[in-house]
Protein chains: 2
Amino acid sequence: MQEHILVVDDDNDVLELLEYTLRSAGYDVLGFLNTKHVREVLAQERIDLILMDRSLPDIEGSLYVEMLRSKNINIPVIFLSGKDSQEEIKSAFLKGADDYMTKPFDVEELLLRVKAVLRRSNSQTKEVVQNLEYKDIALDLNLQKVRIQDQDVSLTKLEAALLKLLIQNRGRVLDREYLLKKVWKNSQNIHQKTVNVAIKRLKEKIDPSNNKEYIKTIRGVGYMMA
Amino acid sequence: MQEHILVVDDDNDVLELLEYTLRSAGYDVLGFLNTKHVREVLAQERIDLILMDRSLPDIEGSLYVEMLRSKNINIPVIFLSGKDSQEEIKSAFLKGADDYMTKPFDVEELLLRVKAVLRRSNSQTKEVVQNLEYKDIALDLNLQKVRIQDQDVSLTKLEAALLKLLIQNRGRVLDREYLLKKVWKNSQNIHQKTVNVAIKRLKEKIDPSNNKEYIKTIRGVGYMMA
DNA sequence: ATTTTATGTCACCTGATTGTAATATTTCTG
DNA sequence: CAGAAATATTACAATCAGGTGACATAAAAT
């Protein structure tokens, strides 16, 4: 999957250079001239690395990173700075930097350092898939199977995605349009009837004798799990 | 737990300075004047970080690291070097460096960079280059061999890396994206289908008669052991 | 430099999955 | 209860995911 890099630099020329360079190297780049909206973005997007100028209009970059670290946001940070004194560099590391480059920097070296930092930090992100439960159904999203009353049933990708959504939204009716958007994602021109069939197939898997009523049909609307 | 740092520098004065500095900072330090016994040490001890001079008597430091990386030894490395040209620095990163400091260096900055690298890599490289077992498979990572029911089978680099990852994550499904990142590392533009072929070849090696089911395919997701 | 080995890619095959359309059944309304 | 609308069921074709063997290139060994 593409890696996402957030860049903050108040010099528009430098920012554009960084954006261009990183995009050319295949990264997804979000560039900002100040830190105003950075918190929101971090809350909403998956960011793998932050490149940050130190001298920003609103706040000193390393102070901002120190604040992030204090909020337990441990995304790797590489500082870019015109200041190259030992003291400046050391204080940046103390505030949570992963690397520090002084301007003017060689873009190739920057790319290599970016890569090096990502290599170390990424593998740390072993996503732990949480499993969901509903009544006597235990959905294992890792193995894509359900355990129902000590019976293991394996699901297909589609079935697993459907069941996950239903369990996550238990008590809420999910209409076909919503299901198509969430489960079938970008696929174009999928008929709403397709949902009916998919639900039917899922029902058959998790309740072959058809006496459990895990999934309820809400006529005229969609489906739900009680 | 105390962290173990291996230092290689052919200048005895520098080596002693590094040993003293790092020990004072609470690390366990193993110092060497050349790379002769490094491989053995790596095989026996848990090493968390390597500090390496580039100009060594027996081999250029970055070439040595490149060799280690090619053997799937991914312990973080910080280079120390008198050479400060862009080309030198870039080539070091290309060969697998995590950071690069030019001599003469500020010891405090060195300590901070050491700390930064260790912070990122810690959870990852906790294990010694150890041998792993799974059922009746014993994987020897140093010799790149498996012993299966008293049969020695030699593996390729790729096969060993794959099998290592699978065994380490037994019970967990590893998807193709994850495998590409961990096993194929930085290589760009590798097709996900390539994983299928690699797994197939590994299966063939460790289970020629194809009746053991060591590696299970989870359709739509990836592969797992157990 | 030559030979061998390792590895990525491709084409093809198989079986599983899934969308669709045709048909049956249920549910709702009057 | 009849008729219409919604949903369930079934069958079938298209697609897809993964396995397999062949081949070309890259890497390693000699």
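Protein chains get the first letters and strands the later ones, always in sequence-line order, with residue 1 at the start of each. All figures in this text were calculated on a predicted structure; none of them were measured in a lab. Below, each value reflects all heavy atoms present in this structure, side chains not excepted, and no hydrogens, waters or symmetry copies.
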Could you tell me how far apart [X] ([atom1]) and [N] ([atom2]) are, to the nearest whole angstrom?
{"X": "B:Leu158", "N": "D:dA26", "atom1": "CG", "atom2": "P", "value": "17 Å"}
{"X": "A:Asn210", "N": "D:dT7", "atom1": "CG", "atom2": "P", "value": "17 Å"}
{"X": "B:Gln192", "N": "C:dG8", "atom1": "CD", "atom2": "C1'", "value": "14 Å"}
{"X": "B:Met67", "N": "D:dA27", "atom1": "CE", "atom2": "P", "value": "18 Å"}
{"X": "B:Asn189", "N": "C:dT9", "atom1": "CG", "atom2": "P", "value": "8 Å"}
{"X": "B:Lys157", "N": "C:dT7", "atom1": "NZ", "atom2": "P", "value": "7 Å"}
{"X": "A:Asn196", "N": "D:dA5", "atom1": "CG", "atom2": "P", "value": "17 Å"}
{"X": "B:Glu177", "N": "D:dA17", "atom1": "CD", "atom2": "P", "value": "15 Å"}

Between [X] and [N], is there a side-chain N or O to OP1/OP2 distance below 4.0 Å?
{"X": "A:Lys193", "N": "C:dA22", "value": "no"}
{"X": "A:Tyr223", "N": "D:dA6", "value": "no"}
{"X": "A:His191", "N": "C:dG19", "value": "no"}
{"X": "A:Thr194", "N": "C:dT20", "value": "yes"}
{"X": "B:Thr156", "N": "C:dT7", "value": "yes"}
{"X": "B:Trp184", "N": "C:dT7", "value": "no"}
{"X": "A:Thr217", "N": "D:dA8", "value": "yes"}

Quiz item: Is it true that B:Arg147 and B:Asp152 make a salt bridge, defined as a side-chain N closer than 4.0 Å to a carboxylate O?
Solution: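 Judged by the 4.0 Å cut-off on N to carboxylate O distance, B:Arg147 and B:Asp152 do form a salt bridge.
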Quiz item: Is it true that A:Lys212 and A:Asp136 make a salt bridge, defined as a side-chain N closer than 4.0 Å to a carboxylate O?
Solution: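 Salt bridge flag = yes for A:Asp136 with A:Lys212.
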Exercise. Answer whether the closest heavy-atom distance between the side chains of B:Leu162 and B:Leu179 falls below 4.5 Å.
Key: yes
Quiz item: Counting only distance, no hydrogens or angles, is the base of D:dT7 paired donor-acceptor with the side chain of A:Arg219 under 3.5 Å?
Solution: no
Quiz item: Would you say the base of C:dG19 and the side-chain of A:Arg201 have a donor-acceptor pair closer than 3.5 Å?
Solution: yes
Self-check item: Parallel, tilted or perpendicular: ring planes of A:Tyr214 versus A:Tyr134, cut at 30 and 60 degrees
Solution: perpendicular
Self-check item: Intermediate values then yes/no, side chain to side chain donor-acceptor pair (under 3.5 Å), B:Arg176 and B:Tyr223
Solution: CA-CA 8 Å; B:Arg176 292 180 178 71; B:Tyr223 300 91; 3.2 Å; yes
Quiz prompt | Closest-nucleotide ordering on DNA chain C, the 5'-leading residue of A:Lys205 and B:Ser154 | solution = B:Ser154
